[in-house]
Amino acid sequence: MPTYRLNRSSSLEHEPQAFFIREDIQLAELNNALLEVGAQMMPALGRVDYLSICQIRKANGGHIVIDGAKGPVTILMLPGEHVMDRIQFRNERFQGVIFPGQAGSLAIIGEHGEHLEEFVQRVCKTVKF
């Protein structure tokens with residue numbers, strides 16, 4: 001599995017408020033917003049603290065933050081961004097994985113030491129994208 005570096009111009013750096021806002025976004029509100037990016041979520045994902053529909057690279061995508069053991073974990077839905085296999089990446093602070101979805105790719109990003117595979121499995125079971 002290739003490993004790439006996450007560059008500083010990522011969505012994480014452009015929305016620093018996502019690390020601090022702790023809302024409890026209800027499933028109906030979440031799914032209503034995610035319609036814009038062609039996604040739907042089931043309740044098993046857990047509490048969603050932050051949601052934004054924002055431009056990520058080429059198109060609007062979903063930016064969701066949930067709690068992890070080491071800190072906030074970010075889930076990005078990247079419509080039209082297709083990868084064939086999982087790609088791991090990292091920078092000085094974060095580690096992540098990008099993996100294929102039906103409408104594009106999904107990325108999960110957390111602090112170093114976060115067990116991201118648990119979140120990959122949860123997202124695969126609860127997110128239709």
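When reading the values below, keep in mind they use all heavy atoms of this one structure, side chains included, and skip hydrogens, waters and symmetry mates. This one's a predicted model, so the numbers in the text were calculated from it and none came from an experiment.
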Please determine whether side-chain contact (heavy atoms from CB on, under 4.5 Å) holds for the pair Val73 and Asp67, giving the CA-CA distance in whole Å, both sets of side-chain angles, and the decisive distance to 0.1 Å.
CA-CA 6 Å; Val73 172; Asp67 286 328; over 6 Å; no
Evaluate the side-chain contact (heavy atoms from CB on, under 4.5 Å) criterion for residues Leu34 and Val127: first the C-alpha distance (whole Å), next the side-chain angles of each, then the deciding distance (0.1 Å), finally the verdict.
CA-CA 10 Å; Leu34 290 176; Val127 176; over 6 Å; no
Shortest non-hydrogen contact between [X] and [Y], atoms and distance:
X      : Y     : result
Thr126 : Ala44 : CG2-CB, 3.4 Å
Arg122 : Leu45 : NH1-O, 2.7 Å
Val65  : Pro72 : CG1-CB, 3.6 Å
Gly61  : Pro79 : CA-CD, 3.8 Å
Ile108 : Phe89 : O-CZ, 4.5 Å
Ala107 : Leu78 : CB-CD1, 4.3 Å

Under a 4.5 Å cut-off applied to non-hydrogen side-chain atoms, are [X] and [Y] in contact?
X      : Y      : answer
Ser105 : Phe129 : no
Ile109 : Gln95  : no
Leu76  : Leu106 : no
Phe94  : Glu114 : no

Go through the steps for Glu36 and Asn60 under the test side-chain contact (heavy atoms from CB on, under 4.5 Å), then give the verdict.
CA-CA 8 Å; Glu36 184 177 333; Asn60 280 349; 2.9 Å; yes
Would you check, one step at a time, whether the test side-chain contact (heavy atoms from CB on, under 4.5 Å) holds for Asp24 with Val48?
CA-CA 6 Å; Asp24 186 4; Val48 173; over 6 Å; no
Can you tell me how far [atom2] of [Y] sits from [atom1] of [X], rounded to the nearest 0.5 angstrom?
X      : Y      : atom1 : atom2 : answer
Ile66  : Ile75  : CD1   : CD1   : 4.0 Å
Thr74  : His63  : OG1   : NE2   : 4.0 Å
Gln121 : His115 : CD    : NE2   : 14.5 Å
Gln40  : Lys128 : CD    : NZ    : 5.0 Å
Met41  : Leu30  : CE    : CG    : 5.0 Å

Does His82 NE2 have over 12 foreign heavy atoms under 6.0 Å away?
yes
Does atom CD of Gln102 have more than 12 heavy-atom neighbours from other groups under 6.0 Å away?
no
Same cluster for Met42 and Ile64 if Ile/Leu/Val/Met/Phe/Trp/Tyr side chains link at under 4.5 Å?
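The answer is no; the residues belong to distinct hydrophobic clusters.
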Judged by atom type as modelled, is there a donor-acceptor pair below 3.5 Å linking the side chain of Arg86 to the main-chain atoms of Phe99?
no
I would like to know whether Arg93 and His112 meet side-chain hydrogen bond (donor to acceptor under 3.5 Å, both in side chains); could you show each step before the answer?
CA-CA 6 Å; Arg93 179 175 178 189; His112 287 284; over 6 Å; no
